[in-house]
Amino acid sequence: MKKLLALPLLFLLFCCKAVQQPAVTLNTVHFNKFNDNQSLYQKLGINDPDALIVSVLIYSSWSWGKSTSYLAVLSDGRMFKYHHHVHSLQYEDELRSAEITDVQEKEKFLKLINATADINPDKLDIQVNEKGKKMLIYDAAQYEITLCRGSNVLELNSYAPYDFIKYGAIGKEDRQKLIDFADEMYFYNDLFRHIIYIEFDADEEGSSITEDKHKTEFKLLPAIRDDKFVYNPDKHKVKEVLFDDVKDKLLTKKKAVKSFEDYTQDKVDGFLKNTGNNPRMIAPSAYYYPSVYFSKIYLYKKTDEKKGLLYEVDWYCKAPKMAYEK
């Protein structure tokens, strides 16, 4: 029987003025190397041996590389978030980080960490439904979550949790807790993506609005690959705002397109530089679209000279033609 060790998290809760919660019990797993032969603490530049580190990796056979988010809670109560994306053996984004200083945000993450004590690792990969029937799912996402402090490690791994929940596998409650945890610990948007605000002028030449009960589509010139902005009330929000509160953030469509193209070109240039212009490697511009580059996209439509509606939207373009397409 494996010996169980308790991960002392309570001191973290006191540091951040959070409500005291039970400590997490961890299986004894020796952890000393990361996939690039550096220790995880060295990789993140952490010299605190008592720091708690959480890593969240979600990927599938369809993933373009692997993205990992990390949360580090130091013994003095400071907290940092990180994200690192590896596109291939030849190309990866830099590791980015930021300190979390908001007290409520710190308390949220500490509660999430302690809530892992309620997840049963043995139920995360049961591939049998409640009637005892074996279930087979292919080409889905693998979730790999690790909490470590020194040599004490808790590993929570689950294959295709969304799918097994959908089709009624045993352990759906534990899988859902894992998904909720992973969603909150995903820091790519915070560290790599931007928020963009675009002004929609209904009177401008080439602008149009198409509405039905499911969505509203906005079009503006200049167009890139017949692009459109889509507001979906099932997942997006709209609110009335004063023009003075957003005017300094607003971009014209022309400037928004230039921002997107510059961002895309930087990605392509970095990819080509790191892959030695290998013609067998496909540059990321073939896969990335505006809604992937920006964490939030807002469209401002004025209702009068002093105020307007701010729509959260997705920005869609037609797929670009590949070099081999005619």
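Because the structure is a prediction, the values reported are computed rather than measured. These numbers come from the heavy atoms of this one structure, side chains and all, not from hydrogens, waters or symmetry mates.
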Phe200 and Leu220: CA distance, side-chain angles, deciding distance, side chain to side chain contact (heavy atoms under 4.5 Å, CB included) verdict: CA-CA 7 Å; Phe200 179 85; Leu220 270 173; 3.5 Å; yes
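- Phe164 has its side chain out of reach of Lys166: every pair of non-hydrogen atoms, C-beta onward, lies at least 4.5 Å apart.
- Between Val313 and Lys215, the closest side-chain pair of non-hydrogen atoms is not below 4.5 Å.
- Under the 4.5 Å side-chain heavy-atom criterion for Ile, Leu, Val, Met, Phe, Trp and Tyr, Val73 and Leu154 are members of the same hydrophobic cluster.
- Between Phe294 and Trp315, the angle of the ring planes stays under 30°, which puts this pair in the parallel group of the 30/60° scheme.
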Test side chain to side chain contact (heavy atoms under 4.5 Å, CB included) applied to Val56 and Tyr186, step by step: CA-CA 7 Å; Val56 178; Tyr186 183 71; over 6 Å; no
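- The main-chain N or O of Gly168 is never found under 3.5 Å from a side-chain atom of Asn129 such that the two would form a donor-acceptor pair.
- In terms of hydrophobic clustering, with Ile, Leu, Val, Met, Phe, Trp and Tyr side chains grouped at heavy-atom distances under 4.5 Å, Leu250 and Phe218 are assigned to different clusters.
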Stepwise side chain to side chain contact (heavy atoms under 4.5 Å, CB included) check, His194 with Ile196: CA-CA 6 Å; His194 304 285; Ile196 190 169; over 6 Å; no
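- Here the shortest heavy-atom pairing between Glu184 and Leu112 reads CB-CD1, 3.4 Å.
- Between Ile195 and Lys249, every side-chain heavy-atom pair lies at or beyond the 4.5 Å cut-off.
- With rounding to the nearest 0.5 angstrom, the CD1 atom of Ile165 is 9.5 Å from the CG atom of Asp174.
- At a threshold of 4.5 Å between non-hydrogen side-chain atoms, the residues Leu40 and Tyr70 count as touching.
- Checking side-chain atoms of Ser69 against main-chain N and O of Phe187 turns up a donor-acceptor pair under 3.5 Å.
- In this structure, His236 NE2 and Asp314 CG are separated by 3.5 Å, a value rounded to the nearest 0.5 Å.
- Pairing each heavy atom of Glu99 with each of Met79, the nearest pair is CG-O, 3.4 Å.
- Ion pairing between a basic and an acidic side chain is recognised when a charged N comes within 4.0 Å of a carboxylate O; Lys253 and Asp227 show such pairing.
- Between the OG atom of Ser97 and the CG atom of Leu95 there is a distance of 6.0 Å, given to the nearest 0.5 Å.
- A salt bridge is defined here as a Lys NZ or Arg NE, NH1 or NH2 lying under 4.0 Å from an Asp or Glu carboxylate O, and Asp226 with Lys219 meets this definition.
- Side-chain heavy atoms closer than 4.5 Å link hydrophobic residues (I, L, V, M, F, W, Y) into clusters, and following such links, even through other members, never connects Tyr298 to Val257.
- If you chain together hydrophobic residues whose side chains sit under 4.5 Å apart, Ile113 and Ile145 fall into the same group.
- Salt bridge status for Asp190 with Lys81: present, with a side-chain N to carboxylate O gap under 4.0 Å.
- A salt bridge links Lys247 with Asp244: the distance from a Lys NZ or Arg NE/NH1/NH2 to an Asp or Glu carboxylate oxygen falls below 4.0 Å.
- Contact record, Tyr300 with Lys307: OH-C, 3.1 Å, taken as the closest heavy-atom pair.
- The heavy-atom pair separating Ala141 from Ser60 by the smallest distance is CA-CB, 3.9 Å.
- When all heavy atoms are compared, the tightest approach of Phe243 to Glu305 is CB-O, 4.2 Å.
- Aromatic ring orientation, Tyr311 versus Tyr231: perpendicular (interplanar angle above 60°, classes split at 30° and 60°).
- Atom CD1 of Ile179 is separated from atom OH of Tyr162 by 5.0 Å, given to the nearest 0.5 angstrom.
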Derivation and outcome, side chain to side chain contact (heavy atoms under 4.5 Å, CB included), residues Lys177 and Leu124: CA-CA 10 Å; Lys177 291 175 185 177; Leu124 295 176; over 6 Å; no
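- In this structure, the side chains of Arg149 and Asp50 come closer than 4.5 Å at one or more pairs of heavy atoms.
- Contact of the Ile46 side chain with the Phe80 side chain is not registered, since no non-hydrogen atoms from C-beta on lie closer than 4.5 Å.
- When all heavy atoms of Gly77 and Lys106 are compared, the pair lying nearest together is O-NZ, 3.0 Å.
- A 6.0 Å sphere centred on CG of Asn47 holds no more than 12 heavy atoms belonging to other residues, nucleotides or ligands.
- To the nearest 0.5 Å, the span separating CD1 on Ile224 from CD on Glu261 amounts to 6.0 Å.
- Under a 3.5 Å cut-off, the side chain of Tyr41 and the backbone N or O of Gly150 do form a donor-acceptor pair.
- The other residues sharing a hydrophobic cluster with Val128 are Ile126, Ile170, where clustering joins ILVMFWY side chains under 4.5 Å apart.
- Residues Leu178 and Tyr159 are members of separate hydrophobic clusters, defined by side-chain heavy-atom contacts under 4.5 angstrom among Ile, Leu, Val, Met, Phe, Trp and Tyr.
- Interatomic distance, CG of Leu71 versus CG of Leu52, reported as 7.0 Å (0.5 Å rounding).
- A search for side-chain contact (heavy atoms from CB on, under 4.5 Å) contacts involving Asp102 returns Gln104, Glu105, not counting sequence neighbours.
- Under the 4.5 Å side-chain criterion, counting only non-hydrogen atoms from C-beta, Thr146 is in contact with Val153.
- Within 6.0 Å of NZ in Lys108 there are more than 12 heavy atoms belonging to other residues, nucleotides or ligands.
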